[in-house]
Number of protein chains: 2
Amino acid sequence: MRRFATIKDIASALNISVSTVSRALRDTYDVNASTRQAVLQKATELNYRPNFNAIGLVHNRTHNLGILLPEITNYYFSTLFTGIQEVAYKAGYNLTLFVTGNDAEREVDIVRNLSLSGLDGLLVSVSSQADSDQHFQEVIDNGVPVVFFDRVSENIHTSKVMQDDYNGAFEATVHLIKNGYGKIAHIAGPEGLTFTQARLNGYLDALRKHKLPVKPSWIVHSGFTQQHGEQDLEQLWERREKPDAIFAVNDRKAIGAILALKRKNIRIGKDVGVIGFTNDPVAAIVSPSLSTVAEPAFEIGKLSCELLLKHIHKKRFEPEQVTLPGKLIVRESSSRL
Amino acid sequence: MRRFATIKDIASALNISVSTVSRALRDTYDVNASTRQAVLQKATELNYRPNFNAIGLVHNRTHNLGILLPEITNYYFSTLFTGIQEVAYKAGYNLTLFVTGNDAEREVDIVRNLSLSGLDGLLVSVSSQADSDQHFQEVIDNGVPVVFFDRVSENIHTSKVMQDDYNGAFEATVHLIKNGYGKIAHIAGPEGLTFTQARLNGYLDALRKHKLPVKPSWIVHSGFTQQHGEQDLEQLWERREKPDAIFAVNDRKAIGAILALKRKNIRIGKDVGVIGFTNDPVAAIVSPSLSTVAEPAFEIGKLSCELLLKHIHKKRFEPEQVTLPGKLIVRESSSRL
DNA sequence: GTGAAAGCGCTAACAT
DNA sequence: ATGTTAGCGCTTTCAC
């Protein structure tokens, strides 16, 4: 059984008390300079490592943050994580990552079994809103700060960080309209997710504002993968009247649509315009390159983590909601030329 | 200050002792069925959550594994993580993720400051081998099991899980040769990393076996990104004699090369063959699609985690080395047709 | 089958 | 400036 050197070991080696060792190590109390010197040296010598379980037990905090994500194999969420870690690392917090695989049941299971005592706070992007948000409310009721980002939960009163999904979708749709497309379909995400709804609304309002027809048969909901994008497009092409442009809820679905269109020998841009959402690097690689709305993933990660740390440090911190703007990126897929 | 219900609370509510509560909760000792029933019910009622710091303190283990990765914003590592989590989740272990951003200094910093008492084991893909591996040896000397995967450390005696980089590279190169390319360049990773070297060796041996010229000027080392791939290609095209095929150390660099070639109006496949390594989904999306060697990322993740758990559970577990085969995936970029 | 008590490693009053 | 002690929440002898 492995056992690290403890402050007790240092104390007895030096013939002083554990409290003196503790104080010297923390460099915060009045400790004789020479004593501190001796302690520090002995600590190095014995390869002393503080026991975080013990410290956590005393202080009731652990310097551990939990992160709950629907997936990680994806540009957006992995970039977001990198942003979170940027802040956490500097603040001396470790990150425990939980990935649900978009499985709502697993999400509940994870949250219910969360070692709450091992976590000072929780950062969440929800997997699905089909079920209730009760499990998150329980965490909050237990006094653990929670910050939602990207896929937020409507019913829960806590800090949230999102991109401006509505306006991004609005701009994307207007961009298509301005480029001469008039029969614009929307390949959406699963129903029930707030941001799916926000992007749908942006799309709808853009159509209405420009007096274009809103055809329910041109709106198809499914998952977030490239395969879903391909399937959605096939479905659209079974309609009597076919659209002449596609606004996809994310780049992966847009790429799926592009591949499906190519297979039909339909020219992207010239025949059918396509625009996505995210600005996944693959958008610049695909041919023709994909127009999109860039999401500030890294920034959202940073901000969420900063907000969570504020919640943890102040006792009564009023929840904040932050919405970051996206940015229209025009490439080849949305131009007739 | 938040405070969860403890076994003490349950005990006093039920007028029994804490040890009975502890036993009932763990369902492992002789406890009267009705007592257990009462305890379980009270626990739910009070929303009892075990304190993992306390348990960790007693048992000297935490059910936490550390994962150290060079990056996460990338198909290979994020898939690998998913594989690890698959095993960890079922075994009831949480994962603390550390990402170095390919920064060797940061790696040392993280490892040196690791809360070793908070981790039952460590899974590592090293960021760079330029520096010594001393920091990892220290962890092992402290009795914390370490398993390396993908980018392993040569000098350290512990379990390692890798793909077969040498044979994958060999096969990829032979594939180019068989398809009629004779002047094959290699766009490599940074020098000093074991797997970079293994892929280089596979490439070299394939050339030698087929009596093809080995030209040092056709081998260029740099980083792992698409931008590096583009730069490397530009560098190759400054040579007096230009190659007619590229074997890239990974798909991202291969894609970079493809984009740079396209800019030069060189036809991929017909004029210059390209093959990558990884089988990133983008390889199927890029046009022309990219031939590659598929890496078993998910499997490597699973295996590494299984191995680490074995190390943790058995007291004296002999280190194992596992090498998983890759698989040649032929697409458009490596064919003259 | 259950309780009392010691102890995991550390911090934080309270003494001196 | 340093020592003594209680206690964080839990498990685990050792009694009975």
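The sequence lines fix the lettering, A, B, ..., with proteins before strands; numbering per chain opens at 1.
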Rounded to whole Å, how long is the line connecting atom CD1 of B:I16 with atom P of D:dC10?
14 Å
Counting distance only, does the side-chain N/O of B:D9 pair as donor-acceptor with the main-chain N or O of B:T6 below 3.5 Å?
yes
Could you list all the salt bridge (charged side-chain N to carboxylate O under 4.0 Å, His left out) pairs where at least one residue sits in residues 17-28 of chain B, not counting sequence neighbours?
B:D27-B:R36
Please report the distance, rounded to the nearest Å, between CD1 in A:I10 and C1' in C:dG9.
12 Å
Ring centroid separation for B:F195 and B:F224, is it under 6.0 angstrom?
yes
Gap between atoms CG and C1', on A:N15 and D:dG3 respectively (whole Å)
13 Å
Is a side-chain donor or acceptor of B:Q163 paired with a backbone partner of B:E295 at a separation under 3.5 angstrom?
no
Nearest-Å distance for atom pair CG/P, residues A:N60 and C:dC10:
18 Å
Shortest non-hydrogen contact from B:F98 toward B:G66:
CE1-CA, 4.4 Å
Criterion side chain to side chain donor-acceptor pair (under 3.5 Å) against A:S159, the qualifying member of A:H311, A:Q321, A:E320, A:E318
A:H311
Angle separating the five-pair end axes of the helix from C:dG1-D:dC16 to C:dT16-D:dA1, nearest 10°, is 40°
Give the ring-plane orientation class for A:Y93 versus A:H63, where under 30° counts as parallel, over 60° as perpendicular and anything between as tilted.
parallel
Closest nucleotide of DNA chain D for A:N32 versus for B:L57: which of these residues is on the 5' side?
A:N32
Residue whose closest nucleotide on DNA chain C lies nearer the 5' end, B:T35 versus A:A54:
B:T35
Decide whether B:Q137 and B:D133 meet the rule of one side-chain donor and one side-chain acceptor closer than 3.5 Å.
no
Find the distance B:L14:CG to C:dG1:C1' and express it as a whole number of Å.
15 Å
Could you give the CG-to-P distance, from A:D9 to C:dC10, as a whole number of Å?
9 Å
Please check the phosphate of C:dG3 (OP1 and OP2 only) for any side-chain N or O of B:S17 closer than 4.0 Å.
yes
Once each nucleotide of nucleotides 11-16 of chain D is scored for protein heavy atoms under 4.0 Å, what B/S/- sequence comes out, 5' to 3'?
BBB---
Determine yes or no for a side-chain-to-main-chain donor-acceptor pair under 3.5 angstrom, with B:N94 supplying the side chain and B:N64 the backbone.
no
Within this structure, what is the NZ-to-P distance between A:K8 and C:dG9, rounded to whole angstrom?
7 Å
